[in-house]
Amino acid sequence: MKRYWLMKTEPETYSIDDLKRDKSEHWDGIRNYQARNFMMQDMRVGDAVLFYHSNCKVPGIIGLAKVSKEAYPDFTAWDPEAKYYDPKSTSDNPRWFMVDVAYVKTFKEVISLSGMREMPELDGMRLLQKGNRLSIMPVEEGQFRHICKLAGC
DNA sequence: GCCAACGTTGGC
DNA sequence: GCCAACGTTGGC
């Protein structure tokens, strides 16, 4: 069964343009167990990913990507120089995992968070729930289709 | 830059 | 196992 996801990133750190340039990239730095478990247990190659820009002028969904490699250990956790170094994660017993994500398309216009809050079709969407801080979360098929339709894809 | 919401850590 | 303290996320 194909699944649908939303993945957040700060455009100043890694934007949709960066992914377009790289074509496919490993999604390192996830240090939250819920997000990790989604990657490890549920993400499969070919799953669709809504690409979300956070912490910026107009937060919202800016494009489409897809999972291009299933979960494997996040080796950046082993690097003492890396920003998300975690001494409790080792190569023998990795604590953190990542998937690879491939570029699909950039939307002509960002589908803003505030806009999505106005859409009755998206009622109950996880992204819109109060206090939500997950950087990786599942999206229901109907919600995904609605967003795709708006984006013209 | 502020701050609400949430997750994690660690003392007890 | 409780919970206070702390750190982080991310909208505004």
Side-chain angles (χ1 to χ4, degrees), chain A residues 3-22 25-43 47-67 70-140 142-144 146-151:
Chain A
R3 295 176 199 255
Y4 305 91
W5 303 97
L6 181 142
M7 294 171 88
K8 294 181 186 173
T9 173
E10 301 187 14
E12 287 195 19
T13 308
Y14 196 81
S15 73
I16 189 90
D17 291 333
D18 294 320
L19 186 62
K20 185 177 186 180
R21 178 200 62 212
D22 296 337
E25 186 59 296
H26 53 267
W27 207 259
D28 63 278
I30 300 300
R31 299 293 179 266
N32 169 285
Y33 288 104
Q34 249 187 300
R36 180 202 70 174
N37 292 344
F38 284 137
M39 288 195 292
M40 287 180 74
Q41 295 162 13
D42 300 321
M43 277 194 175
D47 282 0
V49 175
L50 298 172
F51 199 97
Y52 182 92
H53 278 176
S54 70
N55 236 322
C56 55
K57 212 165 174 184
V58 183
I61 298 167
I62 186 63
L64 193 61
K66 62 183 178 186
V67 176
E70 284 181 23
Y72 58 108
D74 181 346
F75 50 77
T76 69
W78 309 332
D79 175 6
E81 304 295 316
K83 182 177 178 195
Y84 293 106
Y85 173 58
D86 182 353
K88 294 182 193 123
S89 185
T90 63
S91 49
D92 286 342
N93 189 18
R95 171 178 291 204
W96 303 116
F97 286 73
M98 59 189 171
V99 296
D100 284 2
V101 169
Y103 177 82
V104 176
K105 73 175 289 181
T106 305
F107 296 164
K108 287 199 179 68
E109 283 182 66
V110 64
I111 299 176
S112 70
L113 181 63
S114 57
M116 285 189 281
R117 288 195 191 284
E118 306 294 316
M119 297 172 190
E121 297 88 344
L122 300 183
D123 251 12
M125 192 179 180
R126 198 156 180 160
L127 175 74
L128 307 180
Q129 282 164 17
K130 189 182 173 187
N132 165 64
R133 285 171 36 187
L134 266 183
S135 60
I136 296 177
M137 69 187 87
V139 175
E140 287 170 23
Q143 299 163 350
F144 179 84
H146 180 69
I147 288 161
C148 273
K149 206 167 76 187
L150 288 177

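In the text below, chain A, chain B and the rest are named by the order of the sequence lines, each starting its count at 1.
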Residue [X], side-chain heavy atoms: nucleotide from [options] that is nearest:
X	options	answer
A:Pro59	C:dG11, B:dG7, C:dT9	C:dG11
A:Gln34	B:dA5, B:dG7, C:dC12	B:dG7
A:Arg133	C:dG10, B:dA5, C:dC12	B:dA5

Is the distance between the ring centroids of A:Tyr33 and A:Trp96 under 6.0 Å?
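Yes, the ring of A:Tyr33 comes within the 6.0 Å limit of the ring of A:Trp96, centre to centre.
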Between A:Asn32 and A:Asn55, name the one whose nearest nucleotide on DNA chain B is closer to the 5' end.
A:Asn55
Interatomic distance where [atom1] belongs to [X] and [atom2] belongs to [N] [whole Å]:
X	N	atom1	atom2	result
A:Met116	C:dG10	CE	P	13 Å
A:Asp86	C:dT8	CG	P	13 Å
A:Leu134	C:dT9	CG	P	12 Å
A:Arg31	B:dT9	CZ	P	13 Å
A:Tyr33	C:dT9	OH	C1'	18 Å
A:Leu113	C:dG10	CG	C1'	10 Å
A:Met137	C:dG10	CE	P	8 Å
A:Arg126	C:dG10	CZ	C1'	17 Å

According to the interplanar angle, ranging from 0 to 90°, do the rings of A:Phe75 and A:Tyr72 count as parallel (below 30°), tilted (30 to 60°) or perpendicular (above 60°)?
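Rings of A:Phe75 and A:Tyr72: tilted, 30 to 60°.
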Give a yes or no on this: more than 12 heavy atoms of other residues, nucleotides or ligands lie within 6.0 Å of atom CD of A:Glu140.
no
Which residue in the set A:Phe51, A:Tyr84, A:Phe97 passes ring-ring contact (aromatic ring centres under 6.0 Å, His included) when paired with A:Trp27?
A:Phe51
Quick one: label A:Leu128 by what it contacts on the DNA or RNA (base, sugar-phosphate, nothing), any heavy atom closer than 4.0 Å.
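No contact.
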Counting the atoms with a prime plus P, OP1 and OP2 as sugar-phosphate, which does A:Lys88 contact under 4.0 Å by heavy atoms, base, sugar-phosphate, or nothing?
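Contact class for A:Lys88: sugar-phosphate only.
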If the threshold is 4.0 Å, N to carboxylate O, is there a salt bridge linking A:Asp17 and A:Lys20?
no
Side-chain N or O of A:Lys130 versus OP1/OP2 of B:dA4: is the shortest distance under 4.0 Å?
no
Please check the phosphate of C:dT9 (OP1 and OP2 only) for any side-chain N or O of A:Tyr52 closer than 4.0 Å.
no
